Amino acid sequence: MTALLSGKHLAFHYGQQPDLFTDLNLELARGQVLTLLGPNGIGKSTLLKCLLGLLTPTAGQLELDGQPLAALTPKQRAQIIAYVPQTIPVTTSLSVRDYLLTGRTPYLNFAQSPGAADEELANDVLAQLHLTALTDRAINTLSGGQAQLVTIARALVQQPQLIILDEPTAALDFGRQQQILQLVQQLAASGIAVILTTHNPNHALILKQHVGLFGAHGDFRTGGVELLTEERLQATYQTKLHLLYVPELGRMICEF
Ligand SMILES: Nc1ncnc2c1ncn2[C@@H]1O[C@H](COP(=O)(O)OP(=O)(O)OP(=O)(O)O)[C@@H](O)[C@H]1O
């Protein structure tokens with residue numbers, strides 16, 4: 001079966017700076033989740049931007065749905081991938097509803113407005129994420145966490161096959177973090193692939209899916225959740241930490 005996303009021998013550096021990563025390989029099938037972990041500044045967001053076609057890798061091949069990523073138009077890409085960036089671009093005074101409807105742009109012709117079906121979809125997604133009360137609020141009046149959730153809602157309105165989430169839980173309270181991890185699991189169960197970055201190894205341990213782990217020096221490996229050993233996590237974060245099995249949870253937890 002063709003992978004939805006495949007990256008082979010990828011490398012990237014900014015300008016004259018040294019390589020952030022070289023010979024990086026990853027593959028993602030429909031319905032798979034890949035959780036990326038690594039130290040600050042190691043290249044996680046940069047890798048996501050390469051996978052989105054926003055940056056061009058300095059070496060390697062990227063394919064989306066069996067085609068070279070570079071051969072797809074931005075509109076074609078946007079019909080397959082939705083992106084929730086780390087810094088949320090919500091400085092406009094659009095209402096939450098209208099902001100979500102901008103997620104339908106990849107499906108509309110030039111100058112075509114969203115229709116009743118698009119509005120119904122936006123309302124359904126707001127209800128799914130328990131955000132209906134925010135429908136008429138101006139985007140630039142939302143709290144950081146509300147804005148993060150609304151941006152995730154917009155990505156769902158885009159109805160992509162792959163959602164790329166850069167630290168989607170960074171601004172969220174404990175309950176909302178759990179809600180997003182459950183949403184990731186639901187999306188995967190419905191056949192949508194998800195790539196997310198997080199600074200909390202427990203998120204990968206909860207999701208129990210595929211993991212991409214950057215080491216402290218930019219080395220990268222992918223595998224199942226068993227890739228996360230105490231030794232590797234200590235090497236990644238350059239700190240002492242503990243992985244403990246909690247029978248009540250049926251999984252490992254990571255603590256300092
Ligand atoms: N546009 C840019 N031009 C030059 N250097 C950049 C640019 N964007 C990022 N960098 C540098 O590239 C490196 C990787 O940045 P990136 O944002 O990918 O890291 P990250 O792993 O996502 O970090 P964090 O976990 O802190 O968000 C950093 O040293 C950063 O300063």
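Read the numbers this way: they start at 1 and go in the same order the structure lists the ligands and their atoms. The first residue of the sequence shown is numbered 1, and numbering continues consecutively from there. Since this is a predicted model, take the numbers as computed values, not measurements.
- When only modelled atom types and interatomic distance are considered, Arg104 and Gln159 share a side-chain donor-acceptor pair under 3.5 Å.
- Under a 4.0 Å heavy-atom criterion, Pro39 is in contact with ligand 1.
- The closest side-chain donor-acceptor pair between Ser45 and Gln86 falls under 3.5 angstrom.
- Atoms of ligand 1 found under 4.0 Å from any heavy atom of His199, numbered from 1 in the order shown, are 25 (O).
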Which side-chain N or O atoms in residues 236-245 pair as donor and acceptor under 3.5 Å with protein atoms at least two apart or in another chain?
unit_1, atom_1, unit_2, atom_2, d
Thr236, OG1, Phe214, O, 3.0
Thr236, OG1, Arg232, O, 3.2
Gln238, NE2, Ala235, O, 2.9

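- By the 4.5 Å heavy-atom criterion applied to side chains, Leu55 and Phe12 are counted as neighbours.
- Only the side chain of Leu20 comes within 4.0 Å of ligand 1, judged by heavy-atom distances.
- Within a 4.0 Å radius of atom 30 (C) of ligand 1, the protein contributes no heavy atom.
- Contact between Gly43 and ligand 1 is present, with at least one heavy atom of the residue lying under 4.0 Å from the ligand.
- Closest heavy-atom approach to atom 15 (O) of ligand 1 among the candidates Leu48, Thr197, Thr46: Thr46.
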Verdict with reasoning, Glu167 to Thr197, per side-chain hydrogen bond (donor to acceptor under 3.5 Å, both in side chains): CA-CA 5 Å; Glu167 294 190 38; Thr197 63; 4.8 Å; no
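- Here's the thing with Ile42: one of its N/O atoms is less than 3.5 angstrom from an N/O atom of ligand 1.
- Here the straight-line distance linking atom OG1 of Thr169 with atom CD of Gln178 works out to 12.0 Å at 0.5 Å rounding.
- Distance from atom 10 (N) of ligand 1 to its nearest protein heavy atom, with residue and atom name: Tyr14 CE1, 3.4 Å.
- Of all atoms in ligand 1, listed by their number and element, those nearer than 4.0 Å to a heavy atom of Lys44 are 18 (O), 19 (O), 20 (P), 21 (O), 22 (O), 23 (O), 24 (P), 25 (O).
- Looking at Arg77, its side chain does come within 3.5 Å of a backbone N or O of Leu72 through a donor-acceptor pair.
- Among all non-hydrogen protein atoms, the one lying nearest atom 17 (O) of ligand 1 is Ser45 CB, 3.7 Å.
- Atom 26 (O) of ligand 1 has its closest protein heavy atom at Asn40 ND2, 2.9 Å.
- Inter-residue side-chain proximity for Gln185 and Lys208 is flagged as unmet; no heavy-atom pair is nearer than 4.5 Å.
- What sits closest to atom 27 (O) of ligand 1 on the protein, heavy atoms only, is Gln86 NE2, 3.2 Å.
- For the residue pair Asn140 and Ser93, no side-chain donor N or O sits within less than 3.5 Å of a side-chain acceptor on the partner.
- Taking a cut-off of under 4.0 Å to the non-hydrogen atoms of Glu167, the atoms of ligand 1 that pass are 25 (O), 27 (O).
- Applying the side-chain contact (heavy atoms from CB on, under 4.5 Å) test between Arg137 and each of Leu131, Leu142, Val150 identifies Leu142 as the sole match.
- Of the polar atoms of Gly41, at least one N or O is found under 3.5 Å from an N or O of ligand 1, judged by distance alone.
- Within the 4.0 Å cut-off (strictly below), a protein heavy atom is located near atom 20 (P) of ligand 1.
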